[in-house]
Amino acid sequence: MGNIDGKTVEELSATEIHRWYKKFMTECPSGQLTQHEFKQFFGLKNLSPASNQYIEQMFDTFDFNKDGYMDFMEYVAALSLVLKGKVEQKLRWYFKLYDVDGNGCIDRGELLNIIKAIRAINRCNDEMTAEEFTNMVFDKIDINGDGELSLEEFMEGVQKDELLLEVLTRSLDLKHIVYMIQNDGKRMDRLDCPRPEIINGNEHD
């Protein structure tokens, strides 16, 4: 526990860990966070089926030992990834998040459902629809055109395309989650959503 693809809690400062521990134990005295408590912890209520599935998938990716609970070490390792994780580590986690059925590939339906869920939770007004975003991703990196993305295709394709990397990173930015942890469940007033000129490859200085 406490490790995601080589990411350890030691990379967080003692002050950070103490702050997270105080928050975690205040909200979860038992020391083990269930899926239901995970949603309550972040003030996520009245979720759509797609959004609910996304949150459950996120919980599962952070439940490293698959015991149905998130303990403090798993919780801190998750925050460490979100706050300080390297690009490759985050991309591997994104892939796990997208691969809902766990078959080692992401299909269009999985990506589309997750993107819709993320947008609903983030309350982000995007000019590109979730369908257009999904099509853009597959058009760019589904090299063999089979309608599925392997981990290799995903990692290589995204890292080679700086614009796509920026868009995906912004789309899956979990700063709103960290903000709510630090501010007792209050949401950020505004999220920095992917700009259409970046998505279309027309960014200007």
Side-chain angles (χ1 to χ4, degrees), residues 3-8 11-12 50-51 53-55 57-62 77-180 188 190-205:
N3 185 294
I4 303 179
D5 295 327
K7 186 67 184 175
T8 63
E11 294 180 48
L12 287 174
S51 297
Q53 184 181 34
Y54 163 64
I55 292 299
Q57 180 76 356
M58 181 189 293
F59 180 90
D60 288 342
T61 63
F62 289 149
L79 289 173
S80 180
L81 173 68
V82 171
L83 294 173
K84 300 178 182 292
K86 296 176 182 178
V87 170
E88 185 172 337
Q89 292 168 331
K90 287 186 176 182
L91 287 177
R92 287 183 181 278
W93 177 67
Y94 293 165
F95 186 88
K96 290 179 182 178
L97 196 59
Y98 287 140
D99 182 18
V100 177
D101 61 12
N103 71 344
C105 292
I106 303 168
D107 61 40
R108 286 178 183 266
E110 287 176 321
L111 180 59
L112 177 60
N113 287 335
I114 290 292
I115 292 299
K116 285 181 176 179
I118 293 170
R119 291 184 176 188
I121 292 168
N122 287 355
R123 298 179 182 177
C124 181
N125 296 319
D126 297 84
E127 294 193 23
M128 177 178 277
T129 67
E131 288 79 5
E132 290 170 335
F133 182 90
T134 299
N135 289 336
M136 180 268 293
V137 171
F138 272 83
D139 288 345
K140 281 178 173 287
I141 63 177
D142 182 17
I143 304 301
N144 61 10
D146 65 353
E148 293 186 329
L149 299 176
S150 66
L151 176 60
E152 183 180 353
E153 279 181 313
F154 182 77
M155 295 288 292
E156 185 175 342
V158 174
Q159 290 185 91
K160 282 184 177 179
D161 192 316
E162 291 185 9
L163 294 175
L164 182 57
L165 176 60
E166 182 172 355
V167 172
L168 279 174
T169 301
R170 289 188 180 206
S171 296
L172 281 166
D173 190 354
L174 296 180
K175 287 177 182 173
H176 62 293
I177 293 291
V178 176
Y179 181 91
M180 285 194 290
M188 296 176 70
R190 178 181 175 276
L191 289 173
D192 193 11
C193 305
R195 292 169 285 161
E197 64 268 24
I198 289 181
I199 294 174
N200 295 324
N202 299 316
E203 184 178 19
H204 301 287
D205 294 330

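Numbering starts at 1 and runs along the sequence shown.
In Glu162, the CD atom is not crowded: 12 or fewer heavy atoms of neighbouring residues, nucleotides or ligands sit closer than 6.0 Å.
With sequence neighbours excluded, the residues satisfying side-chain contact (heavy atoms from CB on, under 4.5 Å) with Gln53 are Val100. With sequence neighbours left out, Asp101 forms a side-chain contact (heavy atoms from CB on, under 4.5 Å) with Asp99, Asn103, Glu110. The side-chain contact (heavy atoms from CB on, under 4.5 Å) check on Asp142 picks up Phe138, Asn144, Asp146, Leu149, Glu153, with sequence neighbours excluded.
Here the straight-line distance linking atom CG of Leu111 with atom CD of Glu148 works out to 12.5 Å at 0.5 Å rounding. Distance CD1/Ile114 to OH/Tyr98: 8.0 Å, rounded to 0.5 Å. The distance from atom CG of Leu151 to atom CD of Glu156, rounded to the nearest 0.5 Å, is 11.0 Å. Distance check, rounded to the nearest 0.5 Å: CD of Glu152 to CD1 of Ile143 gives 10.5 Å. Note: Thr61 OG1 to Phe59 CZ = 10.0 Å, rounded to the nearest 0.5 Å.
Of the candidates Asp139, Thr134, Ile141, Ile141 is the only one forming a side-chain contact (heavy atoms from CB on, under 4.5 Å) with Val137.
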Next item on the list: Decide yes or no on side chain to side chain contact (heavy atoms under 4.5 Å, CB included) for Val87 and Val158, but give the supporting numbers first.
Entry: CA-CA 10 Å; Val87 170; Val158 174; over 6 Å; no

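Side-chain contact between Leu164 and Met136 is present, with heavy atoms from C-beta onward closer than 4.5 Å.
Here the shortest heavy-atom pairing between Lys90 and Gly85 reads CE-O, 3.4 Å. Contact record, Ala117 with Tyr54: CB-CB, 3.5 Å, taken as the closest heavy-atom pair. The two residues Ser150 and Cys105 have their closest heavy-atom pair at CA-SG, 4.3 Å.
Using cut-offs of 30° and 60° for the angle between ring planes, the Trp93 and Phe62 rings count as parallel.
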